[in-house]
Amino acid sequence: MTLPAFLSDPAVGAIFDALPHARIVGGAVRDALIGRAVADIDLATPDTPDAVAAALARSGIRCVPTGLDHGTQTAVVNGRGYEITTLRRDVETDGRHAVVAFTDDWREDAARRDFTINAMSMTRDGAVFDYFGGQADLRAGIVRFVGDAATRIVEDYLRILRFFRFFARYGGTPDPAAVAAIRDALPGLAGLSVERVWSEVSRILAAPEPVAAIALMDERGVLAAVLPEGTSVPNLARLVQAAAPADPILRLAALLIGDAPDLALRLKLSAAERDRLLAIRQPNVLTPEADDDALRRALADVEPAVLLDRLWLAGGGAPGWAALRDRLAAMPRPVFPLEGRDVLALGVPPGPEVGVRLRAVRAWWWHRGCQDSAEACRAELRRR
Ligand code: ATP
Ligand code: MG
């Protein structure tokens, strides 16, 4: 294998100079081995947190104590953060949080990680340490728990959802041991915070090909547990099949057949996420037969991105809808050309009357296809 690009990154080199015993761990190793883009670079090291802080300080690398009780600090080099965590083993678990002890044993640290594909580490020379067969599983598309699946899930029920996140991205055939253990552990999902549940569900939905994972969640009762409002996997499949953007809110809008405001409240979606979900699910009024006037009217009232999302939901890959989306995307958004001061200029005194007149002319402008100039709108205003 050619060495992953991050090993020749000077920032990573500087960290290795300070901490020669450190290794790259987790997702970066996994993604480098399978030739995918590496998102974050995390490192682990047998050095104690104090020794890490001291070594980074000696090398002039800024170090932020981001999760010190779990042994994690973030080295900041050239504006980018690199998490460095002292090797750990779990002493106690409660279904979500673990009490950890530091160790200098790489295998112990790997053993507490969730899946074999996530449990590998790599030295600065590119040597891979793979204690649990992660490379073979990565090649075979098997998301396998490190150790006994049932035990690992009871330690931390979030791992049920993490299983589907990684299955969506790396999985082929589901690991039967994992699937059986998940079925028995379903009640444990109720103990997870809604923030964590939504964070995982949205990451599953954001995977390039999420349908197999969502369908498996549905089949195993996981989907009903996390989205009890009601779902339709075929609706999601249609959207993905149409090559709509891999956007988790758009995909959620397609998947959800139940009440969207309820879901937004229960899972504590951000205000932006909620507003977008509710806006996308408003009825779509445009069809491929719509003329340009109709498109302009829709654009005058609703943000273009929301209209496009509604078209994805309504038409998906059906004939004619791609052309409609192209027309909509290419059309400038009409802006009603008058303001309150145009009404005041006619001698109307400030007050509610101003808005009434303005809205009347806007309605006229809108019905005529949102094309009349400011001049024409002012003439219409004078007629009223
Ligand atoms: P991504 O590219 O999606 O961020 P990742 O592998 O970096 O993938 P993270 O959730 O960022 O995933 O976690 C980093 C690593 O920490 C994982 O690869 C895994 O080794 C370990 N890990 C994280 N959460 C857990 C957990 N709940 N149980 C066990 N190990 C975990
Ligand atoms: Mg990560």
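First listed ligand is number 1; within each ligand, the first listed atom is number 1. Keep in mind the model is a prediction, meaning the values are calculated, not measured. Here, residue 1 is the first one in the sequence, and each next residue gets the next number.
Proximity of Y157 to ligand 1, defined as any heavy-atom pair under 4.0 Å, is not found for any part of the residue. Residue contacts with ligand 1 for D156 involve side-chain atoms from C-beta outward but no N, CA, C or O (heavy atoms, distance under 4.0 Å).
Residue contact check: R112 has heavy atoms under 4.0 Å from atoms 29 (C), 30 (N) of ligand 1. Listed by number with element, the atoms of ligand 1 under 4.0 angstrom from any heavy atom of R169 are 1 (P), 2 (O), 3 (O). Atoms of ligand 1 lying under 4.0 Å from at least one heavy atom of R96, given by number and element, are 27 (N). Each of the following atoms of ligand 1 lies closer than 4.0 Å to a heavy atom of R203: 3 (O), 4 (O).
Between I24 and F16, some side-chain heavy-atom pair lies under the 4.5 Å cut-off. Looking only at side-chain heavy atoms (C-beta outward), V99 and T93 stay at 4.5 Å or farther from each other. W321 has its side chain within reach of L311: a pair of non-hydrogen atoms, C-beta onward, lies under 4.5 Å apart. In this structure, D105 and L87 have side chains that are not in contact, with every pair of non-hydrogen atoms separated by 4.5 Å or more.
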_Run W364 and D372 through side-chain hydrogen bond (donor to acceptor under 3.5 Å, both in side chains) and show every step you take._
CA-CA 9 Å; W364 170 85; D372 289 290; 5.8 Å; no
*Passes side-chain hydrogen bond (donor to acceptor under 3.5 Å, both in side chains), T48 versus D50? Steps please.*
CA-CA 5 Å; T48 64; D50 286 345; 5.4 Å; no
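Protein heavy atom at the shortest distance from atom 15 (C) of ligand 1 is R113 NH1, 3.9 Å. When hydrogens are left out, the protein atom nearest atom 3 (O) of ligand 1 is R165 NH1, 2.7 Å; that is the closest non-hydrogen contact. Among protein heavy atoms, the minimum distance from atom 14 (C) of ligand 1 is reached at D42 OD2, 4.2 Å. Looking only at protein heavy atoms, the nearest one to atom 8 (O) of ligand 1 is R30 NH2, 3.2 Å.
Counting only distance, with no hydrogens or angles, the side chain of Q282 and the backbone of A279 share no donor-acceptor pair below 3.5 Å.
Interatomic distance, L250 CG to R310 CZ, rounded to the nearest 0.5 Å: 12.5 Å.
Closest heavy-atom approach to atom 10 (O) of ligand 1 among the candidates R36, R162, R196, E83: R162. The closest non-hydrogen atom to atom 30 (N) of ligand 1, taken over D114, T85, D109, D40, comes from D114.
Cluster membership for V222 and L263, using ILVMFWY side-chain heavy atoms within less than 4.5 angstrom, is shared.
Considering both main-chain and side-chain atoms, R159 comes within under 3.5 Å of ligand 1 through a nitrogen or oxygen pair.
Using 4.0 Å as the threshold, F115 has no heavy atom nearer than that to any atom of ligand 1.
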